[in-house]
Visitor: 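The structure under discussion is supplied below as structure tokens; questions concerning it will follow.
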Amino acid sequence: MSLPVCSPEQLAQFLGPNTTNAADAANFICNQFTAVNNKFIDTTFAVDNTYLLFSAYLVFSMQLGFAMLCAGSVRAKNTMNIMLTNVLDAAAGGLFYYLFGFAFAFGSPSNGFIGRHFFGLKDVPDAAFDYSYFLYQWAFAIAAAGITSGSIAERTQFVAYLIYSSFLTGFVYPVVSHWFWAVDGWASPNNTGNLLFGTGVIDFAGSGVVHMVGGIAGLWGALIEGPRIGRFDHTGRAIALRGHSATLVVLGTFMLWFGWYGFNPGSFTKILGVYESGNYYGQWSAIGRTAVTTTLAGCTAALTTLFGKRILSGHWNVTDVCNGLLGGFAAITAGCSVVEPWAAIVCGFIAALVLIGFNKLAEKVSYDDPLEAAQLHGGCGAWGIIFTALFAKKEYVNQVYPGKPGRSYGLLMGGGGKLLGAHVIQILVIIGWVSATMGPLFFVLNKMKLLRISTEDELAGMDLTRHGGFAYAYEDESHRHGIQLRKIEPNDSSSTPTT
């Protein structure tokens, strides 16, 4: 914050007739005030950029979480492949987001559809954002690509990963983030001069922008290339192809949980903001509340999934609980900053039911997603958008999105239906945009035989056929004596052995 401007001419009038040189004295005093004022301004920039960089590092750590979650959720023979794709999501995404993506997303001034400045970070930094903002948004972009990787795991050619990841982070995702986050996006709450239904879309950290985009893209990839061999029998009955390491799944889940504290609270981008000067309550409090709502939604979803799956399957399944936890996080991401903590519990509870329901539907229609990514990020992300339109609190909406008095808020909080209407439109346009861009891309890759690997490669495992060897180097003494060990799934005599 800046101090009032010090005017030497005005100050000189108050120094009195006995001052030897009132003008010089006034200039000296004003210079001191100006120096102090500049220090406050410099400190504000430093504090806010430090906070944003720290948040970017947290979000980037989610890539490790995605890698471990994916690795544990696939069979051992494909571990090397899925971890390599996660590395390249970040690497290829970094270059394409630098060259094109950031400009398409935040290159203002522009039209409401797509940005048109800052290609290759030209003219950055400027008054709007510094390099730290680019780094933070890049971490979001590669998160969307990582979601899609999980949906098409264990049967996708490596070149297809490179093509879709570059296209998603360089064009598809940036256009969506421009619509809902840029200052001139057609549905952005920050575009106070042209708000959709007078309110804009409140998707604070990206239940739609990140999670739905990644989930819908993965949905099309998995649909077009079909299920893994052995996932469904000749009658269409689902056969469990379990991941090889629950340990890695839990490790990845906790890494994602940790990173989500940069994903949601970090989306404020600034921490040194006041709502009422001299008061203990300010943006720092809203950031803390956002961390709390994020935590409660995830915890509630985890417990709901635990007991729900126990009733349905008869087991206490740690993998299901981890997915339920992440589903709660994906859902609360849109409204984390504008809802009360008690509402986050409602969000997490229903998110778990949405995930369980979509997983049942996926089995019915013979849809195969090894990480439940489309169901989790697409389904729970869509629920999070609706949830925000129902439970957003007026006070919090006006604090987080200032500059537009009378803005609509949650329907169940007395704010009317305009916000809900805007959010329904958001869901529809994201589904339409991603389907119109990623669907044809996967279709063309499939027609060109660049999407799915051969049957022989899939049965042998991509680590051996495509990456020069398995991820795990070990020797089992029993093999020397001709004894072959195999994995038997509990209570499922029909399951095929997995390696």
Side-chain angles (χ1 to χ4, degrees), residues 147 201-212 214-216 219 253 256-257 260 263-264 289-313 317 319-364 369 372-393 396-397 409-415 417 419-428 430-431:
I147 292 168
V201 168
I202 298 177
D203 188 5
F204 183 70
S207 287
V209 174
V210 179
H211 295 285
M212 275 196 68
I216 299 300
L219 173 67
T253 300
L256 288 168
W257 190 338
W260 234 291
F263 206 95
N264 287 4
R289 183 184 68 247
T290 300
V292 170
T293 57
T294 300
T295 302
L296 291 176
C299 292
T300 304
L303 292 174
T304 304
T305 305
L306 174 69
F307 290 104
K309 295 294 286 187
R310 177 68 171 83
I311 294 171
L312 293 173
S313 67
N317 192 305
T319 303
D320 289 336
V321 171
C322 288
N323 283 338
L325 176 84
L326 298 177
F329 287 154
I332 195 62
T333 295
C336 53
S337 64
V338 294
V339 299
E340 291 277 17
W342 64 262
I345 295 175
V346 177
C347 178
F349 176 77
I350 298 181
L353 301 182
V354 169
L355 179 59
I356 293 172
F358 273 115
N359 283 336
K360 285 293 182 182
L361 177 62
E363 290 187 0
K364 292 291 185 182
D369 186 327
E372 303 175 6
Q375 302 94 298
L376 193 161
H377 298 278
C380 294
W383 155 241
I385 294 169
I386 298 298
F387 161 79
T388 305
L390 298 177
F391 289 93
K393 186 177 179 180
Y396 298 157
V397 169
Y409 51 99
L411 174 64
L412 299 183
M413 307 299 286
L419 185 60
L420 178 59
H423 282 208
V424 170
I425 288 177
Q426 181 192 16
I427 293 173
L428 294 176
I430 288 177
I431 293 174

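Note that the structure is a prediction, hence the values are computed from the model and not measured.
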Visitor: Output the distance between atom CD1 (Ile356) and atom CD (Gln375), rounded to the nearest 0.5 Å.
Guide: 12.5 Å
Visitor: Could you tell me the separation between the CE atom of Met212 and the NE2 atom of His377, rounded to the nearest 0.5 Å?
Guide: 13.0 Å
Visitor: Just how far is it from atom OG of Ser337 to atom CZ of Phe204, taken to the nearest 0.5 Å?
Guide: 4.0 Å
Visitor: Taking atom types as modelled, find out whether Trp383 and Ser207 have a side-chain donor-acceptor pair closer than 3.5 angstrom.
Guide: no
Visitor: Side-chain contact, heavy-atom cut-off 4.5 Å: Phe329 with Leu256?
Guide: no
Visitor: Carefully, step by step, assess Phe387 and His423 under the rule ring pair (Phe, Tyr, Trp, His ring centres under 6.0 Å).
Guide: CA-CA 10 Å; Phe387 161 79; His423 282 208; over 10 Å; no
Visitor: Output, in order, the C-alpha distance, side-chain angles, deciding distance and verdict of side chain to side chain contact (heavy atoms under 4.5 Å, CB included) for Lys393 and Val339.
Guide: CA-CA 6 Å; Lys393 186 177 179 180; Val339 299; over 6 Å; no
Visitor: Is a donor on one side and an acceptor on the other found under 3.5 Å between the side chain of Asp369 and the backbone of Ala374?
Guide: yes
Visitor: Any heavy-atom pair between the side chains of Ile386 and Val424 that's under 4.5 Å?
Guide: yes
Visitor: Taking side chain as C-beta onward, heavy atoms only, is Leu326 less than 4.5 Å from Trp260?
Guide: yes
Visitor: Not counting sequence neighbours, list each pair that qualifies as a salt bridge (charged side-chain N to carboxylate O under 4.0 Å, His left out) and has a residue in residues 293-302.
Guide: none
Visitor: Knowing that exactly one of Glu372, Lys364, Lys309 qualifies, which makes a side-chain hydrogen bond (donor to acceptor under 3.5 Å, both in side chains) with Asn359?
Guide: Glu372
Visitor: Looking only at side chains, do Asp320 and Thr305 share a donor and an acceptor under 3.5 Å apart?
Guide: no
Visitor: Do Phe349 and Leu303 touch side chain to side chain, with heavy atoms closer than 4.5 Å?
Guide: no
Visitor: Are Asp203 and Thr388 close enough that some pair of their side-chain heavy atoms sits under 4.5 Å apart?
Guide: no
Visitor: Below 6.0 angstrom between ring centroids: does that apply to His211 and Phe263?
Guide: yes
Visitor: Check the surroundings of atom CZ in Phe391: do more than 12 heavy atoms from other residues, nucleotides or ligands lie under 6.0 Å from it?
Guide: yes
Visitor: Yes or no on side chain to side chain contact (heavy atoms under 4.5 Å, CB included) for Thr293 and Glu340, after CA distance, side-chain angles and deciding distance?
Guide: CA-CA 7 Å; Thr293 57; Glu340 291 277 17; over 6 Å; no
Visitor: Walk me through whether Val338 and Ile202 qualify under side chain to side chain contact (heavy atoms under 4.5 Å, CB included).
Guide: CA-CA 9 Å; Val338 294; Ile202 298 177; 4.1 Å; yes
Visitor: List the steps and the verdict of side chain to side chain contact (heavy atoms under 4.5 Å, CB included) for Ser313 and Asn317.
Guide: CA-CA 9 Å; Ser313 67; Asn317 192 305; 5.6 Å; no
